[in-house]
Amino acid sequence: MSAFSDPIALLDSAFRSATSAAFPEVGDTDPLITASKQAALGDFQANVAMSLSKRVGKPPREVAGAIVAKATSNPELAQIAEPFTDKSIAGPGFINIRLKGDALAALLTSIDTKSLGVPVPQVKETIAVDLCGVNLAKQMHVGHLRATIIGDALARVNERLGHNVVRQNHLGDWGLPIAMVTAKIAADAKAGKINLDTLKLDDLDRAYKAAQRECTADEDGLASVEKFNLGPKARAELEEQVNGAREKLAAAKLTLVKLQSHDPEIYAVWERIAKITVDECVAVCARLHAIVRAEDTAGESSYSNELGEVVDDLVKRGIAVESDGALVVHLDGPDDLNDHGQKINEPCIIRKSDGGFLYATTDLAGIRRRVRQFGASLLVYAVDARQSLHFQQVFAAARKAGYAKMQSGQNAILRHAGFGMVLGDDGRPFKTRSGENVKLTDLIDEAHERAGVEVNRRSAALPEAERNKIAEVVGVAAIKYADLCNDRMKDYVFSFDRMVAFEGNTGPYLLYAFARIQSILRKAQAEKSIDTGPNAPFRKAPLAIVQPQEKTLALAILRYPGALRSMADSCEPHRLCGFLYDLAGAFSSFYDACPVLNADNEATVLSRLRLCDLTGRVLHDGLTTLGLPTVERM
RNA sequence: GUGCCCGUAGCUCAGUUGGAUAGAGCAUCGGAUUUCUAAUCCGACGGUCGGAGGUUCGAAUCCUCCCGGGCACGCCA
């Protein structure tokens, strides 16, 4: 962030020099500046005295006193902070700092720009974000919700920080399961049972499940029947099932070979299935306000020509070796560590003993493409936490193979942004009553519908079309915020009942704060004849930070660039959520205590209007960065 | 068996590099609207931070062990 608008950076600098002036023998020391938890104590605090106490052999309060004495004579500090008093040093040796109102106003003024204080990056990086991860011929369901929402948010925050982001929807569109459904669809089409031109994803979804079932032989059941001699009828039924399944499986394997050799007939059917799937995926993502376009699709099939080459390369260089007929990359070298710096015991299998490739092979090719072809320096994978070991293996294997190496010679950073499961009220994975995966379209429909009830009740005066639009946005925001607002790694309980309360720490609360701000701006124009255009005078009006609620709001706004940085660095969207909730809360308190348009003098009206507008822009920018849509009124 | 994740208020969750009296929301109770949207605000109630040791001036946070829950562990993706 621009050091100019960041109070922590300013205080850090001032106290850093004060500390080294007071204790030259310890050299440059982090003054440990943090925001105070309790506003009564101060706005910020320096915790350096306690940690320094032992090193300089003096009691912490004495250390604090010496630092404060030096800081007092710093003119830059005197400009932004209230003078120290005998109460500034408190407890074991905390140095409490309070900012001057006019300093806050100056800081706010400097952040009140188009960029909202977010600096242009020194180096514009390319960042590849793996997200969404749908499968061919399957409806998007709750299992794709987090990969889509979290992945999109991580992509957005890096874009917001000025980087070049490549989204990669690693479509599961290759391999035996896909061949099974392709074989079935091709056979049904040939038999005239279905029409490829009018086929819907729902039809494919059913065919996929049916093909899975038909191809899975109950070998265990047959073995039991034989073992326990359960009678000729049971035996005959099972034999028929098993023989049928074996036949279907054989057909699927044949189809897989045809698919891999681009047999025109089979390939055309597959392409049709792929198009239906991707079109629907893109449509559902659009409803979710997640940016996943057709051109972001990078299916497993797109690597099919590279896998043999990758494996040959690894074998030739001795990185992959044979083991029980399969090819594996052993990860027992001193540099083959996981993210915890620990050894990885399990080798990474890149080719099965029957010659087939695995998803590790595809992911290796994916890393190679993302680093070499896209020039990515950071690869983020928004994928289920259960695949943690898999990614640790693939990452280590890629580094060992040199596939993560950039032109600079350094390795690109490989990060698995894993996430927990979506649970139902019963603490079990979220399913429909009949035990099916909940389709995302149904999920969005229900949120839309439930939000509609609230919107109709609360905003009956608005035109119906607008109410419907608001309900859709509120419903989607509720779903997305609920997913993003807590720690990624944890499972979370999905509850429409809690979401539709729309109270407290929810997406709609944030939307509401934004809508109130827009309402004030509309009223300023309509009822007070205040110009609110792009070049309106109020945008340059002097800011006066006087009331405690104004101060709390100002301090919150100033944290925005840091909150974005924190989310990007940690790949944790809930950090930005927490910031936005604080900001919306600070605004709501301000709104309650400080009249804007009805303030007692013109200068205050304009100052507060500017503060509202700035808050609104930060809220909107933050919500957009999370991928939450907004409404002008609700 | 090995590894990873998790355990904080009745419920759902935050808690930054180790900092002061562990914070929100929901629920419960009490208040606030002749003025900018009450999807709001203000207050009260509510805690052995899973347990036990250890490091530290200071531990929800770091280390060790234990308990409980979830997940993953070579030819599925």
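Every chain is numbered from 1 and lettered A, B, ... according to where its sequence line falls, protein lines coming before strand lines.
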- Query: Of all residues at least two apart in sequence or in a different chain, which pass the side chain to side chain donor-acceptor pair (under 3.5 Å) check with A:Arg457?
  - Reply: A:Glu454
Protein-nucleotides 42-44 of chain B N/O pairs closer than 3.5 Å?
residue, atom, partner, partner atom, Å
B:C42, OP1, A:Ser589, OG, 2.9

- Strand contacts (RNA chain B) in residues 50-59 of chain A, 4.0 angstrom heavy-atom criterion: A:Met50, A:Ser51, A:Lys54
- Results of ring pair (Phe, Tyr, Trp, His ring centres under 6.0 Å) for A:His330 - residues two or more places apart only: none
- Task: Can you sort out the partners of A:Phe502 under ring pair (Phe, Tyr, Trp, His ring centres under 6.0 Å), two or more places apart, ordered by chain and number?
- Result: none
- Residues that A:Thr604 engages under side chain to side chain donor-acceptor pair (under 3.5 Å), provided they are two or more places apart: A:Asn601
- Task: Not counting sequence neighbours, which residues clear side chain to side chain donor-acceptor pair (under 3.5 Å) with A:Asn437? List them please.
- Result: none
- Item | Partners meeting side chain to side chain donor-acceptor pair (under 3.5 Å) with A:Tyr303 (sequence neighbours left out) | none
- Item | Presence of A:Arg522 side-chain N/O under 4.0 Å of B:U37 phosphate oxygens OP1/OP2 | no
- Message: Across nucleotides 67-77 of chain B, 5' to 3', mark each nucleotide with B, S or - according to how protein heavy atoms within less than 4.0 Å reach it.
- Response: ----SSSBBSB
- Query: So which pairs with a foot in residues 573-582 of chain A pass side-chain hydrogen bond (donor to acceptor under 3.5 Å, both in side chains), sequence neighbours left out?
  - Reply: A:Arg559-A:Asp582, A:Ser566-A:Arg575, A:Ser570-A:Arg575, A:Glu572-A:Arg575
- Encoded 5' to 3' (Watson-Crick or G-U under 3.5 Å; [ ] crossing; | other strand), RNA chain B becomes (((((((..((((.....[...)))).(((((.......))))).....(((((..]....))))))))))))....
- Message: For the C1' atoms, the ones on B:U35 and on B:C45, what distance do you get once it is rounded to whole angstrom?
- Response: 33 Å
- With sugar-phosphate taken as primed atoms, P, OP1 and OP2 and all else as base, the protein-contact string of nucleotides 22-30 of chain B at under 4.0 Å (heavy atoms; B, S, -) is --SSS----
- Task: Tell me which nucleotide among B:U17, B:A20, B:A14 gets nearest to the side chain of A:Asp30.
- Result: B:U17
